[in-house]
Structures are given as structure tokens and as C-alpha cells.
Amino acid sequence: MTITAVRGFNDILPDEAELWRWLEGTAARVFSSYGYSEIRVPVVEKTGLFQRSIGETTDIVEKEMYSFPDRAGDSLTLRPEGTASVARAYIEHKLYQRPVQKLFYMGPMFRYERPQKGRYRQFYQIGAEVLGDLSPLSDAETIEMLMVFFNSVGLKDYGLEINSLGCPECRPGYKKTLLDFLAALKPSLCANCSGRMEKNPLRSLDCKNPGCMEATKDAPLLSGFLCAQCASHFEKVRQRLAALGVEATVNPRIVRGLDYYTKTAFEVVARGLGSQNAVAAGGRYDGLVKDLGGPETPCFGFAIGLERLALCVKDAKFKHAPVIAFIPLGGPATEKGAGLLRELRQRGLKVVEDFSEAGLKGRMKAAHRAGARYALILGDDELRDGVITLKDMASGEQEKTGLADIADKLLLRV
Ligand code: HAM
């Protein structure tokens with residue numbers, strides 16, 4: 001029997017990987033322009049880190065973590081997200097002694113979810129975190145950066161939804177009111193929502209179960225319970241977003257599936273993705289660093305789902321670099337080609353050489369199969385005249401160009 005990949009774990013094949021690399025490179029470029037630096041954190045952490053940060057009663061911690069004992073018997077977990085690791089590293093390396101930290105990361109995350117389109121057990125995130133800035137302008141700038149990135153990669157047809165989740169001052173009062181409201185409706189809630197009602201009643205507000213949706217349709221909303229500070233923070237975020245030209249819709253039902261959020265929370269929803277339609281999400285988490293043993297540090301961040309983004313921008317601005325097939329006919333041409341190919345490659349062109357000794361016809365066929373857009377043919381005649389034949393594989397047109405000019409000519413076309 002052949003061995004296949006584990007369910008929910010995907011191979012990213014070369015065509016797709018090239019798009020991913022472009023998305024990651026564009027993110028790094030855009031984020032750097034806002035003053036972000038990259039951080040690389042481990043894929044495995046102590047299980048307690050996620051229990052304490054994401055929250056004991058969240059779906060992620062309750063049923064989606066890949067946890068296992070290591071040989072010493074300590075419980076370790078494949079990271080289900082990146083924020084907790086970044087906060088841990090921030091504390092561990094005393095990054096709080098430095099000015100505001102703006103950090104980005106990319107890499108695989110692991111959640112034991114039911115796989116479907118846009119939802120996998122290993123998936124990739126591109127994340128960004130600002131640690132040490134309490135200003136609402138920081139929330140708005142970070143969201144704007146995400147929108148600039150989305151525009152740069154040609155994402156279309158998406159919406160930004162924001163909400164405020166309050167803080168330890170105002171949320172408990174709301175939680176109690178919501179709990180009183182839900183208590184009477186407990187029998188109509190799904191097992192998940194009624195089970196975690198006492199500890200995490202807010203989650204029932206975004207439960208997709210039809211019974212829960214019906215039961216909570218008139219539920220009191222947090223917006224009516226925000227303290228003056230949270231209300232003013234939210235107002236300033238919205239004003240600043242408007243000033244930056246970023247359109248945002250308030251969705252009072254956004255509650256997020258991780259417990260560390262305070263104040264601003266948001267999701268970017270892409271139409272066309274189906275039920276797993278959040279292409280990015282994030283928010284403010286002012287209590288997390290302190291809860292993990294660090295100093296009081298206001299923070300804001302987000303993570304983009306790379307598979308979902310790739311699904312949305314497949315045919316957008318990304319263009320595969322065209323392959324140019326080099327076909328030398330005979331020993332002297334192969335020798336001459338070595339230096340020429342090095343120059344073309346140094347100038348960023350993607351050139352492949354066919355090492356077979358087949359005839360021109362067979363090698364042209366192979367170039368077609370390799371998806372080449374152009375063929376460069378170097379035979380004895382060309383060598384004698386100091387030229388090379390450039391053939392457009394789609395139209396069949398061909399022309400001779402001086403060997404010294406071929407790089408410039410190709411760069412104008414690709
Ligand atoms: P999250 O909402 O759990 O937030 O995940 C962020 C994004 O990761 C989602 O919007 C989605 O695009 C993608 N994603 C999540 N689960 C899966 C999955 N099973 N398969 C494919 N894609 C998935 C966080 O992870 C927070 N750490 C975001 C954050 C950063 N908040 C503050 N800073």
C-alpha cells in the first residue's frame with residue numbers, strides 16, 4: 001500500500017508555492033515599510049502557554065491542539081497560532097526594554113479541525129504584532145497596513161468587520177447580563193454553547209448552529225455596555241480608519257475564538273471563500289503579556305490565512321516568471337552557453353537548459369512540455385555570426401539577436 005499525506009496536511013506543489021513565495025515576499029516588503037521586523041518562533045511550545053493565552057474553554061484548547069508528551073514527560077503542543085509564542089518570546093528576551101516592537105512572522109500552524117475547503121489541520125499564517133503601543137492610532141495603522149497588503153496582491157471583494165470586545169472593567173458586567181439572557185434559552189442552544197455558557201457565554205453570539213442563531217437574535221450586545229475608555233478607543237479607531245480611507249463595517253457579533261482579546265477585534269471576510277470566509281483576523285490584546293508574567297503591555301495584531309488568501313488571489317496580479325529554454329546545438333554552443341546563462345540568471349531571468357543530445361525537434365517538444373514561453377537556440381550558424389535565435393513558443397515567431405543584447409531584449413518582454 002502506498003503512503004499518503006496525513007488528512008488535513010497538504011503538499012504545496014511548485015506552481016502554488018511560487019504564488020505563496022510572492023505573497024510572503026510582498027507581505028514582508030509592505031510590513032517592513034511600516035517599520036516591522038521579522039521574528040521566527042518555534043513550532044513547538046509548552047502546552048501551558050496556549051492554555052493560558054488562548055483560554056481553557058476555547059475550541060482550540062479544548063479540542064483542536066496537537067499535544068504530546070516529550071521523552072521527559074512534559075506536555076508539548078504544535079502551535080495552533082503565533083501570537084502566544086510572540087508574547088512569550090517578547091517576555092523571555094525582555095524585548096519590552098526596547099521601544100515599541102513591531103514584529104511579523106510566517107509559518108505553519110496546527111489545529112485538529114474538520115478539514116474542508118479553506119480549513120486544514122496544518123495551515124499557514126502571515127501574522128503581525130505591535131507590542132507596547134496603546135494608541136487607537138496603532139490599531140488603525142495596523143489594519144490599514146493589512147488593507148494595503150491586500151491591495152498590493154490584488155485581493156478583491158472583501159469586507160472589513162470590526163467590533164469592540166471591551167476590557168476587564170466593562171466586559172464582566174456585560175457577560176453577566178448575557179448569561180441571564182441565555183439562561184432561559186439554554187435548552188435551545190447547541191451542546192457546545194450550553195456546555196461552555198457559564199465560562200464563555202459570548203461565543204454563542206457567533207455560533208453558526210441555527211438554534212443558537214435564532215435564540216441569540218435579540219441578545220443584548222456588548223456595544224451598549226462599553227466603559228467610557230473602551231467606547232472612546234473604539235470611536236477613535238473608527239475615525240482614524242475613515243481618515244485613512246479604510247472602509248469598516250461594525251459587526252457587533254464578532255467575538256473571536258481566542259480569549260486574549262480586549263477592545264478592538266476585527267475580521268476580514270472574503271466573498272467567494274464559502275463557509276470558511278475569514279481571510280484574516282485579529283485585534284487588541286492588552287492583558288496577554290501581563291498574564292504570561294511580563295510587564296503591562298498593550299498589544300495589537302492580526303494573522304492572515306495563507307491558503308485562503310491564495311485561493312482568493314489565484315488569478316490576480318501574480319504572474320509566474322516565464323521559463324526560457326536554452327537549446328544549444330553541439331559542443332561549442334554548450335560551452336558558449338555557460339557564460340550566457342549565468343548572465344541571464346544573474347539578471348533575474350528563469351532559464352533552463354536541456355542537457356539531452358536529442359535533435360532540435362525533440363528538444364523543442366521538451367521545451368513545450370516544460371512550459372517554456374521562449375526558446376533560445378544556439379547552433380553553429382548563430383555562433384559564427386555572434387547571434388542567438390529567440391523563438392516565441394506560443395506564436396512560433398522567431399528572430400535573431402546579437403548575443404550581447406539578448407538579456408536586455410528578454411527583460412523587456414518578461
Ligand atoms: P484566528 O482567527 O484563529 O486568529 O486565525 C487567523 C486566520 O488564520 C483566520 O482568519 C484564517 O484565515 C486562518 N485560519 C485559522 N484556522 C485555519 C484553518 N484550520 N485552516 C486554514 N486557515 C485557518 C489567530 O490565529 C490570532 N493569532 C490572530 C491574531 C494575531 N490576533 C492578534 N494577533
Side-chain angles (χ1 to χ4, degrees), residues 7-10 12 20 23 27 31 36 39 41 45 49-50 53-55 58-61 63-66 78-90 101-131 133 138-139 142-143 145-146 149-150 155 158-163 165 203 206 254-270 273-289 297-313:
R7 187 164 129 84
F9 288 64
N10 297 313
I12 307 303
W20 280 37
L23 292 170
F31 297 177
Y36 282 73
I39 184 167
V41 285
E45 297 275 3
L49 174 67
F50 301 116
S53 53
I54 298 171
T58 57
D59 283 348
I60 296 179
V61 170
K63 48 193 182 199
E64 294 172 0
M65 294 211 300
Y66 281 91
L78 291 181
R79 62 178 182 195
E81 58 112 46
T83 310
S85 302
V86 171
R88 178 203 45 72
Y90 178 82
Q101 292 289 295
K102 292 171 140 184
L103 305 171
F104 74 85
Y105 52 89
M106 357 192 132
M109 309 291 160
F110 305 86
R111 296 183 194 174
Y112 193 82
E113 294 194 81
R114 201 154 41 79
Q116 62 181 86
K117 181 184 165 196
R119 187 164 74 191
Y120 313 102
R121 291 180 173 169
Q122 174 178 313
F123 59 97
Y124 283 70
Q125 284 186 344
I126 302 178
E129 317 284 352
V130 191
L131 301 104
D133 199 331
S138 169
D139 307 29
T142 313
I143 294 175
M145 178 176 84
L146 176 62
F149 167 64
F150 280 156
L155 181 67
Y158 62 94
L160 165 66
E161 299 183 359
I162 60 170
N163 192 20
L165 296 180
R203 284 317 304 271
D206 80 339
I254 288 181
V255 296
R256 309 286 298 119
L258 306 95
D259 282 354
Y260 50 62
Y261 290 106
T262 53
K263 297 188 175 141
T264 319
F266 73 96
E267 289 180 1
V268 182
V269 178
L273 267 183
S275 63
Q276 303 304 313
N277 61 358
V279 67
R284 183 162 276 285
Y285 50 100
D286 289 346
L288 179 61
V289 170
T297 311
C299 301
F300 190 92
F302 64 77
I304 303 163
L306 191 46
E307 287 81 357
R308 294 186 193 178
L309 180 61
L311 279 171
C312 295
V313 301

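Below, each value reflects all heavy atoms present in this structure, side chains not excepted, and no hydrogens, waters or symmetry copies. FYI, the numbering just counts along the sequence from 1. We count ligands from 1, going down the list as the structure has it; atoms in each ligand are counted the same way.
- At a heavy-atom cutoff of 4.0 Å, ligand 1 is contacted by no atom of P80, backbone or side chain.
- No side-chain donor-acceptor contact under 3.5 Å links R119 to the backbone of G8.
- Minimum interatomic distance between Q276 and K117 (heavy atoms only, all atoms of both residues): CG-O, 3.5 Å.
- Ring planes of F266 and F300: parallel class, angle under 30° (limits at 30 and 60°).
- The shortest N or O to N or O distance between E307 and ligand 1 is not under 3.5 Å.
- Heavy atoms of I60 found under 4.0 angstrom from ligand 1: none, in either backbone or side chain.
- Annotation: atom 20 (N) of ligand 1 to nearest protein heavy atom, Y120 N, 3.0 Å.
- Taking atom 8 (O) of ligand 1 as the reference point, the nearest protein heavy-atom neighbour is Q125 NE2, 3.2 Å.
- When the heavy atoms of R119, E81, R111, K117 are ranked by distance to atom 3 (O) of ligand 1, first place goes to R111.
- Ligand 1 has an N or O atom lying under 3.5 Å from an N or O atom of T83, backbone or side chain.
- Contact atoms of ligand 1 toward G118: 20 (N), 21 (C), 22 (N) (distance under 4.0 Å to a heavy atom of the residue).
- At least one heavy atom of A280 lies less than 4.0 angstrom from ligand 1.
- Across every non-hydrogen atom of G283 and Y261, the tightest pair is N-CE2, 3.5 Å.
- In terms of N/O distances under 3.5 Å, ligand 1 is not approached by G282.
- Y260 and T83 form a side-chain donor-acceptor contact under 3.5 Å, judged by distance and modelled atom types alone.
- The residue from Y261, F300, Y285 that puts a heavy atom closest to atom 31 (N) of ligand 1 is Y261.
- The nearest protein atom to atom 9 (C) of ligand 1, hydrogens excluded, is given as A278 O, 3.9 Å; this is a heavy-atom distance.
- Put simply, CD on E129 and OH on Y105 are 4.0 Å apart, with the number rounded to the nearest 0.5 Å.
- For the 3.5 Å distance criterion, the side chains of S53 and E81 fail to qualify, holding no donor opposite an acceptor.
- Atom 19 (N) of ligand 1 has E113 OE2, 2.6 Å as its closest protein atom, hydrogens excluded (heavy atom only).
- Within the 3.5 Å criterion, the main-chain N or O of Y124 finds a donor-acceptor partner in the side chain of E307.
- Shown here is Y112, whose OH atom has no more than 12 heavy atoms of other residues, nucleotides or ligands within 6.0 Å.
- Atom 13 (C) of ligand 1 has G305 CA, 3.6 Å as its closest protein atom, hydrogens excluded (heavy atom only).
- Near L258, with a cut-off below 4.0 Å to any heavy atom, the atoms of ligand 1 are 3 (O), 4 (O).
- Heavy atoms of R256 found under 4.0 angstrom from ligand 1 belong exclusively to the side chain.
- Contacts between Q276 and ligand 1 below 4.0 angstrom, taking non-hydrogen atoms only, are absent altogether.
- At the shortest separation from atom 26 (C) of ligand 1 among protein heavy atoms lies Y260 OH, 3.4 Å.
- Minimum heavy-atom separation, G118 to R308: O-NE, 2.6 Å.
- Nearest residue to atom 18 (C) of ligand 1 from F123, F110, Y124, F302 is F123 (criterion: closest heavy atom).
- Taking every non-hydrogen atom of E129 and a distance limit under 4.0 Å, the qualifying atoms of ligand 1 come out as 30 (C), 32 (C), 33 (N).
- Counting heavy atoms closer than 4.0 Å to ligand 1, residue R121 contributes nothing at all.
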*Between C299 and L288, does a side-chain contact (heavy atoms from CB on, under 4.5 Å) hold up when you go through it step by step?*
CA-CA 8 Å; C299 301; L288 179 61; over 6 Å; no
_Under the criterion side-chain contact (heavy atoms from CB on, under 4.5 Å), I'd like the reasoning laid out for M145 against Y36: C-alpha separation, chi angles, the key distance, then a yes or no._
CA-CA 11 Å; M145 178 176 84; Y36 282 73; 3.4 Å; yes
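- Considering every non-hydrogen atom in both I254 and I162, the closest pair reads CD1-N, 4.1 Å.
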